[in-house]
Each structure stands twice: as C-alpha cells, then as structure tokens.
Amino acid sequence: MPFHTKFLVFSDLHVDIMPDAVARMQVILEAAKQNDVDFLLDLGDTMYPDVDFLQEYAPESITLREKRAWFICDRDDEKKTINNMLEACKKTVCHVLGNHDLDSCTKKTACRYFHMPAPYYFFDEGGIRFIALDTNFIREEERYIDFSYCNYRDYKTDQTTWLTEEQFAFIEKSVQEFTGPCILLSHCSLGDTRQGIHNMLPLHALIRRLNCSERRIVLALNGHTHLDGVCVREGVPMMNVNSASNVWIGHKYAATRYSETISRLYPHIKGCAPY
C-alpha cells in the first residue's frame with residue numbers, strides 16, 4: 001500500500017499578540033494553494049475564541065476570561081477574518097490544542113471553536129495515521145487537571161504539561177489497529193527536555209515496544225518552543241515546528257518594536273521578538 005500525503009504545518013500564530021496575523025495567515029494559505037496540499041495542520045496556540053462565539057456557546061467564559069486570560073486583545077474582527085479565510089480555502093484544517101488556546105475557555109469550548117472532535121483524536125490521510133495528542137494537563141499528586149482559564153500559571157513548571165495514562169492507551173490502540181505508519185502530533189514536545197512533556201520516558205518506552213518488530217511510529221511534530229529543532233528518540237525524529245509569528249522573550253525585555261498605536265492595541269507585542 002503506497003503512503004503519500006502532502007500537508008502544510010504551522011504553529012503558534014498567536015493572533016491575540018500579533019498585529020499582522022491576517023497577513024501571516026494569507027501567506028500560509030497561499031503556500032497551501034501553490035503546493036496543492038491535501039490538508040493543513042495547526043499545532044496550536046492560534047487564538048482565543050472571539051467574544052461573539054463565547055456569548056453564544058460559553059457565556060460563562062466572558063467574565064472569567066477578563067479575570068484570567070493573559071493575552072487579552074479586542075480585535076475579534078481579525079479572528080473572524082482568519083476563520084473565514086480557513087473556511088474559504090476549501091482544505092481540511094486539523095488542529096491540536098495549545099496551552100494558550102485554553103487561556104480564556106475550557107477544552108470543550110476550544111474544541112468547538114476549532115472544529116475538533118475531541119482534545120485528542122486521530123485521522124487517516126494518504127495511508128498514514130495522524131494521532132493528535134493533548135499535552136495540556138496539570139498533575140497534582142495522582143490526579144490530572146485540564147488546562148482552562150490560565151490555571152496552569154498557578155502551578156510549578158514541573159506540575160504542568162503531562163500526557164495522561166488514557167492517552168498512552170489511546171496511542172497504543174490507535175497504532176495497533178492500523179496497518180500503516182503513524183505520526184504523533186502535539187503542542188509541546190514529546191522528546192525535547194527543554195519544554196516537553198514531563199512523562200516522556202514512559203512514552204519513549206511505549207514507542208520502543210510498538211516499533212520493536214517494525215517501524216510503526218515514524219515521526220512526531222510539535223509547536224510551542226517557537227524554535228526550529230529536532231531530536232531523535234527511539235529512532236523517531238521529533239521535530240519542533242517554529243512559530244509563525246514570534247519568539248516570546250518576556251516583558252523584562254519590552255521594547256516598542258511597532259508604533260505606539262499598535263503597541264496600545266496589542267499590549268503584549270512589546271514582549272516579543274516578531275518574525
């Protein structure tokens with residue numbers, strides 16, 4: 001059976017931070033059109049749901065987002081424009097949940113906004129199984145807590161960014177019941193110790209077991225780091241896909257890189273080194 005698919009992958013567009021996200025999305029869609037890709041893959045941290053959407057589907061989020069969300073920016077017209085652009089491109093767009101996609105809502109709301117079947121799921125394309133994972137969990141003793149409304153900022157770094165045991169079982173079942181190669185998708189890295197999941201060692205053990213007789217998991221793709229990079233774990237390349245917008249350097253190094261007007265409209269742009 002031949003394995004062939006062509007897709008465009010992007011990550012970390014951060015519409016709530018960037019003043020030119022619509023133009024950046026236009027470049028992405030032009031590349032998708034010129035290369036005649038089969039689908040687009042978004043590895044997370046795209047944007048907060050717009051207020052009109054929240055008012056209709058999750059009104060309780062309106063007050064909570066004002067209290068909790070980090071990158072509040074009231075340019076919902078840009079979000080609606082980008083959603084219209086994605087719909088008009090006539091290509092399937094598959095999303096992975098990023099941590100900032102959950103700053104102003106719950107996973108249920110974010111999945112509805114991004115047309116995702118669930119926080120983690122799989123889809124098959126070109127004889128390849130793509131397994132989208134959810135790295136947005138807090139571990140508190142023996143229980144896992146979903147990211148929502150920036151709650152991960154209330155915990156220590158080593159308590160955030162975990163895969164659940166249910167997802168380990170999901171990966172195993174999804175790989176074993178499929179005859180072709182599989183690709184793992186996530187927002188945070190599954191192999192990079194800098195900003196990756198905290199329980200990557202048992203995941204690597206699972207990959208080693210699943211790949212022992214033949215190579216089933218062939219690649220892993222992630223966003224989040226805002227850097228290009230690749231590491232190889234258990235023979236599987238695990239690639240950091242760079243941000244489509246910026247490197248976050250923090251407000252400690254704040255500077256006016258755009259006009260004062262833009263800096264007022266997009267208050268967190270000062271903490272970025274934009275691409």
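Residue numbers run from 1 in the order of the sequence given.
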Checklist entry - Can you list the steps and then say if Asp192 with Arg194 is a salt bridge (charged side-chain N to carboxylate O under 4.0 Å, His left out)? => result CA-CA 5 Å; Asp192 191 336; Arg194 180 176 176 269; over 6 Å; no

Item to check | Donor-acceptor contact present, side-chain Arg215 to main-chain Gly235, <3.5 Å | outcome: yes

Item to check | From CA spacing to verdict: salt bridge (charged side-chain N to carboxylate O under 4.0 Å, His left out), Asp50, Lys79 | outcome: CA-CA 7 Å; Asp50 61 81; Lys79 299 178 184 182; over 6 Å; no

Checklist entry - Would you say Arg233 and Ile207 make side-chain contact, with heavy atoms under 4.5 Å? => result no

Checklist entry - Just by distance, do the side chain of Lys6 and the backbone of Asn35 share a donor-acceptor pair under 3.5 Å? => result yes

Checklist entry - Is Asp76 paired with Lys80 through a side-chain N to carboxylate O contact shorter than 4.0 Å? => result no

Next on the checklist: Are Val175 and Ile217 packed together at the side-chain level, in the sense that at least one heavy-atom pair is separated by less than 4.5 angstrom?
Outcome noted: yes

Item to check | Step-by-step salt bridge (charged side-chain N to carboxylate O under 4.0 Å, His left out) determination, Asp154 to Arg68 | outcome: CA-CA 11 Å; Asp154 299 331; Arg68 298 286 301 173; 2.8 Å; yes

Checklist entry - Can you check whether Tyr253's main-chain N or O pairs, donor with acceptor, with Lys270's side chain at less than 3.5 Å? => result no

Next on the checklist: Whether the side chain of Asn240 engages the backbone of Thr225 through a donor-acceptor N/O pair (distance < 3.5 Å, no angle test) should be reported.
Outcome noted: no

Item to check | No-hydrogen, no-angle side-chain donor-acceptor test under 3.5 Å, Asp103 and Tyr48 | outcome: yes

Item to check | Heavy-atom check, side chain of Ile17 versus side chain of Asn246, under 4.5 Å | outcome: yes

Item to check | Closest approach of Gly223 to Ser11 (non-hydrogen atoms, all atoms of both residues) | outcome: CA-OG, 3.3 Å

Checklist entry - Does a donor on one side chain and an acceptor on the other come within less than 3.5 Å for Ser245 and Ser243? => result yes

Item to check | Donor-acceptor contact present, side-chain Glu78 to main-chain Ala21, <3.5 Å | outcome: no

Next on the checklist: Under a 3.5 Å cutoff, is there a donor and acceptor pairing between the side chains of Tyr275 and Asn242?
Outcome noted: yes

Checklist entry - Between Arg257 and Pro274, what is the shortest heavy-atom contact and its length? => result CD-CD, 3.7 Å

Next on the checklist: Nearest 0.5 Å, please: how far is CD1 in Ile262 from CE in Met18?
Outcome noted: 10.0 Å

Item to check | Ile145 CD1 to Trp162 CH2 distance, which is reported to the nearest 0.5 Å | outcome: 12.5 Å

Next on the checklist: Testing the basics here: between Ala32 and Leu8, what is the closest heavy-atom pair and its distance to 0.1 Å?
Outcome noted: N-CD1, 3.6 Å

Checklist entry - Minimum heavy-atom separation for Thr256 to Glu260, with atom names? => result OG1-OE2, 3.7 Å

Item to check | Distance-only side-chain donor-acceptor flag, Tyr152 / Thr161, under 3.5 Å | outcome: no

Next on the checklist: Does Leu221 form a side chain to side chain contact (heavy atoms under 4.5 Å, CB included) with Leu184? I'd like the steps, not just the answer.
Outcome noted: CA-CA 6 Å; Leu221 298 171; Leu184 303 181; over 6 Å; no

Checklist outcome for this item: Heavy-atom nearest pair, Leu265 first then Cys73, reads O-SG, 3.5 Å

Checklist entry - Between His224 and Asn99, does a side chain to side chain contact (heavy atoms under 4.5 Å, CB included) hold up when you go through it step by step? => result CA-CA 9 Å; His224 188 60; Asn99 56 300; 3.4 Å; yes

Item to check | Polar side-chain atom of His198 near backbone of Thr160 as donor-acceptor pair, under 3.5 Å | outcome: yes

Next on the checklist: Do Val218 and Val236 make a side-chain contact, defined as non-hydrogen atoms from C-beta onward lying under 4.5 Å apart?
Outcome noted: no

Next on the checklist: Within the 4.5 Å heavy-atom criterion, are Glu234 and Arg208 side-chain neighbours or not?
Outcome noted: yes

Next on the checklist: Does Phe122 form a ring-ring contact (aromatic ring centres under 6.0 Å, His included) with Phe130? I'd like the steps, not just the answer.
Outcome noted: CA-CA 5 Å; Phe122 69 77; Phe130 294 82; over 10 Å; no

Next on the checklist: Taking Trp70 as the starting point, is it possible to reach Val247 by hopping between hydrophobic residues whose side chains are less than 4.5 Å apart?
Outcome noted: no

Item to check | Arg139/Asp158 salt bridge by N-O under 4.0 Å criterion | outcome: no

Checklist entry - So do Glu177 and Arg129 actually touch side chain to side chain, heavy atoms under 4.5 Å? => result yes

Checklist entry - Taking the inter-plane angle between the rings of Phe71 and His14 on a 0 to 90° scale, is it parallel (under 30°), tilted (30 to 60°) or perpendicular (over 60°)? => result perpendicular

Next on the checklist: Below 30° counts as parallel, above 60° as perpendicular, anything between as tilted: where do the rings of His268 and Trp248 land?
Outcome noted: tilted

Checklist entry - Are Phe170 and Tyr120 close enough that their ring centres sit under 6.0 Å apart? => result yes

Item to check | Hydrophobic cluster membership, Ile128 vs Leu43, 4.5 Å side-chain cutoff | outcome: yes

Next on the checklist: Looking at Asp101 and Thr46, would you say the former's side chain and the latter's main chain have a donor-acceptor pair under 3.5 Å?
Outcome noted: yes

Item to check | Closest non-hydrogen atom pair, Met200 against Leu190 | outcome: CB-O, 3.4 Å

Checklist entry - With no hydrogens and no angle check, is any side-chain donor or acceptor of Arg75 less than 3.5 Å from a backbone partner on Asp16? => result no

Next on the checklist: Side chains of Ser104 and Ser61, heavy atoms from C-beta outward: is any pair under 4.5 Å?
Outcome noted: no

Item to check | Within 6.0 Å of CD in Glu165, more than 12 heavy atoms from elsewhere | outcome: yes

Checklist entry - Are Leu102 and Leu133 in one and the same hydrophobic cluster, where Ile, Leu, Val, Met, Phe, Trp and Tyr link if side-chain heavy atoms are under 4.5 Å apart? => result no

Checklist outcome for this item: Only one of Asn222, Asp42, Asp45 passes side-chain hydrogen bond (donor to acceptor under 3.5 Å, both in side chains) with His187, and that residue is Asp45

Item to check | Expected output: side-chain Glu172 to main-chain Ala169 donor-acceptor under 3.5 Å | outcome: no

Checklist entry - Which distance, rounded to the nearest 0.5 Å, do you find between the CZ of Arg65 and the SG of Cys150? => result 11.5 Å

Item to check | Trace of the side chain to side chain contact (heavy atoms under 4.5 Å, CB included) decision for Phe10 with Val241 | outcome: CA-CA 7 Å; Phe10 67 97; Val241 176; 5.9 Å; no

Checklist entry - Measuring from Ile183:CD1 to Met239:CE, what's the distance to the nearest 0.5 Å? => result 10.5 Å

Item to check | CD-CD1 distance between Gln26 and Ile82, expressed to the nearest 0.5 angstrom | outcome: 10.5 Å

Checklist entry - Quick one: are Cys94 and Phe39 in side-chain contact, heavy atoms under 4.5 Å? => result yes

Next on the checklist: With a 4.5 Å cut-off on side-chain heavy-atom distances among I, L, V, M, F, W and Y, is there a chain of contacts connecting Phe147 to Tyr155?
Outcome noted: yes

Next on the checklist: If hydrophobic clusters are built from ILVMFWY residues whose side chains come within less than 4.5 Å, do Val230 and Leu41 share one?
Outcome noted: yes

Checklist entry - Would you find a donor on one side and an acceptor on the other, under 3.5 Å apart, between the side chain of Lys91 and the backbone of Asp38? => result no

Checklist outcome for this item: To the nearest 0.5 Å, atom CZ of Phe114 lies from atom CG of Leu97 at 7.5 Å

